[in-house]
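Letters go in sequence order (proteins before strands), and every chain restarts at 1.
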Amino acid sequence: MMTLACAKETERYSMAEDKVLTPRSEDFSAWYNGVVQRAELAGYSPVRGCMVIRPHGYAIWELMQQALDGMFKATGHQNAYFPLFLPQSFLQKEAEHVEGFAPEIALVTHGGGKELEEPLVIRPTSEAIIWPIMADWIQSYRDLPMLINQWANIVRWEMRTRPFLRTLEFLWQEGHTAHATWDDAQRETLLILGLYRQFMEEYMAMPPVTGIKTEWDKFAGADRTYACEAMMQDNWALQAGTSHNLGQNFARAFDVKYQTEDGEHDYVWSTSWGVSTRLVGGLVMTHSDDTGLVLPPKLAPIQVVIVPIWKSDDEKTRVLEAGARLEKTLNGDLRVRFDDRDTLNPGAKYYEWEGKGVPIRIEIGPKDLEKKQVMAVLRVSEDPKARKTPIPDGEVTARIPALLDEMQAALLESALRRREENSYRGVSDYDEFKSIISGGGGFIHTGYCGAEECETKVKDDTKATVRVIPDEDFASDEVPDKCICGGPAEYEVVWARAY
RNA sequence: CGGGACGUGGCGCAGUCCGGUAGCGCGCCUGAAUGGGGUUCAGGAGGUCGCGGGUUCGAAUCCCGCCGUCCCGACCA
C-alpha cells in the first residue's frame, strides 16, 4: 500500500532523476542509453530497430571516417560506390554466404507499383554485388592487387537492437580487395587488422585484443576471420572490427579470373574488412562516466568550449570580447566553440558540455581578466586537484593543445590498465573460470580443446564465448595444456561475455 | 516467434477500476531580475487521448478488432 507521503517522495525522486544519469555501476545498460541521450548522439525512429544519428553523434562518425579514410588511402586503397540492392540470385551463389545471411535479409518484392520479377536483397554486405562487377575490371595480373573501399549503409534484420551497437540499418566501410596469391591476400588481411588496431588505440583510446576467430565463428564465406575485441567498462567484449581472408571462395562463386604472367588463368584471392558506427557505441562504453560522455580529444567534434562569466553589463562586454578573441586564436588548430548564449547561466552550460564529452572547458570571468589568465577545466583527470588549472594568457596557445594530447594519452593509458586488470591468464580450472565470469567478468585466457560443443556448453553455463585465438602480441607466455573442459588443449583462446 | 508491460501536448507521466469541461512535471515562447557548478518570479503557446468499430444522452475511461513501441528470451557487426 502506498501512502500519500510515499507518493510524494517518489515524485520528488523521479524529478531529480531527470537531471542525473542512472549510475554506471547500478545498471550499465540504462547508463549507456542515458549517456547517448544526454550527449544527443542518437534518437529513436518511427521504424522499429532503426535509429537517428543526431548531429553530435554524426560529427564523431565523420571524424572517425576522416582518420580511417586517410589510412586506407595511404595504403593504396580507392573509394567507390556499389548499389544498395542486389539480385537475390547473386547472394545465393556462395553457399556459406547465403546460409549465413539468410536469417537477416530484407527483401524488396515490389517496385513502381508492380511485383518484381526477381526480388532485390538490400545489402547486408556487398560481396555479392561487388564481385560480379569487379570481375569485369580484372583481366590480368597487372590489374592486381585491386584495392577498393566503400562507405555505405547496410541492413541486417536483427531481433534485438541497441543504439549504435545493433540496429537494423547501420553505416560502415567495407573494403574489398583482389590479389594474385594467397600470401598477398593474407598480408592485406593482416595489414588492415593492424590499421584497425592502430586507429582504435591512437584515435579512440580503445585498445583491442586482436586475433583469429574459430572456424564456426568466421564470416560467412571466409577462410579466415580476424577481429578486434575491445573491453568495455562492464568487462564485456565488443567486436569492433573484422578483417577476412576470403581465399578463392568468392572468386569461384562469381568467376573472378585473371591471366597470370605465364598466360594461365587463375581465380583471384580476395579479402574483405569493415568497421561500423558500432565504434561510436564502443567509444561511449570505453570512456564515459556518470556525468555523461567522455571523448578522446582526437575524436571530439568540439575540443574546447569557452564559457564566459559576467555580472554587470560592463563585465559582460569585456568578457565577451575576450572570449571571442580567444576563440579566434585557438580556432586554427583546434575545434573550438564559444558559448556566448545569455539564456543559460554558466553552471547549466558546464553540465551541458560535460554531458556531450567536450574535453576542455575554458572559463573566462572578470577575475580572470584582472589576473590576465583563463581557467581551464578538464573533462576527466587522474588527479582531481589538477582538473582546474589557471593558464596565463600568454601560454594558452601552447598549453591547451598540450593538455589535449595529455588527455588523449591518459585515456589510452587508463583503458589499457583496465584491460590488464580485468584479464586473466593461464586459467584451466572451470570452477575458477565460472567464478571470474560471475564475479564481474573480463577477458579470460585459457587452453582450448578446439571443439565447438565445448564452447556451446560454456556459453550455456556462463554466457561467455570464445572471442579470438589471440595474436602473438596478446598470447600468454605459458598456456595450460588442459582445456577448461578437462580435455587436452590445442591452442590458447580468449573468453568473454560479448555484445 | 514465445513471455511481460505500455500507447494521453516535444519528452516523462497522472487520470481508466467507478463514463460527465483533459491535467501535472520537464522543455518551449515573452518579460524582468540573476550569472565563478543544473537561477528565480510573472505571463503564455501547445493535445481529433495509437487506429477502426460498438454500447451510451454522453467514452481517454466500458466492449470487440487491428496497429505500433519498449523490456525479458532464441539469433547477431
Report task. Would you write the dot-bracket representation of RNA chain B, where each base gets (, ), [, ], | or . depending on whether it forms a Watson-Crick or G-U pair under 3.5 Å and with which partner? Result -> ((((((((.[[[[.)....(..]]]].((((((.....)))))).....[[[[[..)....]]]]])))))))....
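In this structure, E104(A) atom CD and rA77(B) atom P are separated by 7 Å, rounded to whole Å. Look at CD on E370(A): it is 17 Å from P on rG36(B), rounded to the nearest Å. Between the CD atom of E99(A) and the P atom of rC75(B) there is a distance of 15 Å, given to the nearest Å. In this structure, L171(A) places its CG atom 13 Å from C1' of rA77(B), rounding to the nearest Å. Atoms CD (Q373(A)) and C1' (rG36(B)) sit 12 Å apart, rounded to a whole Å. Counting to the nearest Å, the C1' atom of rG37(B) and the CZ atom of R379(A) are 13 Å from each other. One can place CG of L168(A) at 10 Å from P of rU69(B), the figure rounded to the nearest angstrom. Per the geometry, CZ belonging to R361(A) stands 11 Å off P belonging to rG38(B), to the nearest Å.
A side-chain donor from one of R123(A) and N153(A) sits under 3.5 Å from a side-chain acceptor of the other. Side chain to side chain, H176(A) and S272(A) fail the donor-acceptor criterion of an N or O pair below 3.5 Å. Side chains of T271(A) and T177(A): a donor on one and an acceptor on the other come within 3.5 Å.
To the nearest whole angstrom, the two P atoms, one in rA33(B) and one in rC24(B), are 29 Å apart. The separation of rG68(B) from rG31(B), taken at their P atoms, amounts to 45 Å, rounded to a whole angstrom. Across rG37(B) and rC18(B), the matching C1' atoms stand 49 Å from one another, rounded to whole Å. One C1' atom belongs to rC49(B), the other to rG9(B), and the distance between them is 10 Å to the nearest Å. With C1' as the reference atom, rA14(B) and rU61(B) are 13 Å apart, rounded to whole Å. Atom P of rG36(B) sits at a distance of 30 Å from the matching atom of rG44(B), rounded to the whole Å. As rounded to the nearest Å, rG52(B) and rG25(B) have P atoms that lie 31 Å from one another. Between rC71(B) and rC63(B), the two P atoms lie 28 Å apart (nearest whole Å).
Looking at heavy-atom distances under 4.0 Å, L165(A) makes contact with a base. As judged by a 4.0 angstrom heavy-atom cut-off over every strand, T291(A) is placed among residues making no nucleic acid contact. Base contact: E158(A) has a heavy atom under 4.0 Å from a base atom. Heavy atoms of R467(A) sit nowhere under 4.0 angstrom from any nucleic acid atom.
Across the interface with RNA chain B, nearest-nucleotide mapping of F170(A) and Y351(A) shows Y351(A) to be the residue nearer the 5′ end. With the nearest nucleotide of RNA chain B identified for both N33(A) and R156(A), N33(A) has the one nearer the 5' end.
Between E352(A) and R341(A) there is a salt bridge, since at least one side-chain N of the basic residue sits less than 4.0 Å from a carboxylate O of the acidic one. Contact check on R325(A) versus E327(A) returns no salt bridge, with no Lys/Arg side-chain nitrogen under 4.0 Å from an Asp/Glu carboxylate oxygen. Salt bridge present: D342(A) and K316(A) bring a charged side-chain N and a carboxylate O closer than 4.0 Å.
The distance from atom CD of E202(A) to atom CZ of R197(A), rounded to the nearest 0.5 Å, is 10.5 Å.
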If you restrict it to nitrogen or oxygen atoms, what contacts under 3.5 Å exist between nucleotides 72-74 of chain B and the protein, and what is each distance?
from    : atom 1 : to      : atom 2 : distance (Å)
rC72(B) : OP2    : R160(A) : NH1    : 3.3
rC72(B) : OP2    : R160(A) : NH2    : 2.0

Within the sub-3.5 Å range, which N or O atoms of nucleotides 30-35 of chain B have a protein N or O partner, and how far apart are they?
from    : atom 1 : to      : atom 2 : distance (Å)
rG35(B) : O2'    : W310(A) : O      : 2.7
rG35(B) : O6     : W310(A) : NE1    : 3.3
rG35(B) : N1     : W310(A) : NE1    : 3.3
rG35(B) : N2     : D342(A) : O      : 3.4
rG35(B) : N2     : L344(A) : O      : 3.4

Enumerate the protein-to-nucleotides 41-45 of chain B contacts in which both atoms are nitrogen or oxygen and the separation is below 3.5 Å.
none

Would you give me the side-chain donor-acceptor pairs under 3.5 Å for residues 93-102 of chain A, sequence neighbours excluded?
from   : atom 1 : to      : atom 2 : distance (Å)
E94(A) : OE1    : E96(A)  : N      : 3.1
E94(A) : OE1    : H97(A)  : N      : 2.9
H97(A) : ND1    : A220(A) : O      : 3.0

Residues 207-215 of chain A side chain polar contacts: donor-acceptor under 3.5 Å, at least two apart:
from    : atom 1 : to      : atom 2 : distance (Å)
T210(A) : OG1    : D471(A) : OD2    : 2.6
K213(A) : NZ     : D217(A) : OD2    : 3.4
K213(A) : NZ     : E229(A) : OE2    : 2.9
K213(A) : NZ     : Q239(A) : OE1    : 2.9
K213(A) : NZ     : R467(A) : O      : 3.0
T214(A) : OG1    : W216(A) : NE1    : 3.4
E215(A) : OE1    : K218(A) : NZ     : 3.1

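In terms of polar N and O atoms assigned as donor or acceptor, the side chain of E354(A) comes within less than 3.5 Å of the base of rG37(B) in a complementary pairing.
The only option from W236(A), Y448(A), F443(A) that meets the ring-ring contact (aromatic ring centres under 6.0 Å, His included) definition with W495(A) turns out to be Y448(A).
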Query raised in the report: Between E354(A) and R379(A), is a salt bridge (Lys or Arg N to Asp or Glu O under 4.0 Å) present by the stated rule, with each step listed?
Result: CA-CA 6 Å; E354(A) 283 173 2; R379(A) 175 63 180 80; 5.6 Å; no
Query raised in the report: For R162(A) and Y32(A), what are the C-alpha separation, side-chain angles and deciding distance, and is it a side-chain contact (heavy atoms from CB on, under 4.5 Å)?
Result: CA-CA 10 Å; R162(A) 295 187 65 190; Y32(A) 173 81; 3.5 Å; yes
Report task. Determine, stepwise, if the pair R38(A) / E40(A) fulfils salt bridge (Lys or Arg N to Asp or Glu O under 4.0 Å). Result -> CA-CA 5 Å; R38(A) 169 171 293 187; E40(A) 298 182 347; over 6 Å; no
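In this structure, D69(A) and M71(A) have side chains that are not in contact, with every pair of non-hydrogen atoms separated by 4.5 Å or more.
Formation of a donor-acceptor pair under 3.5 Å by the T109(A) side chain with backbone atoms of P119(A) is not found in this model.
Nearest to the side chain of T167(A), among rG38(B), rA77(B), rG37(B), sits rA77(B).
For the pair R224(A) and W269(A), the cation does not sit on the ring face, since its NZ or CZ is not both under 6.0 Å from the ring centre and inside 45° of the axis.
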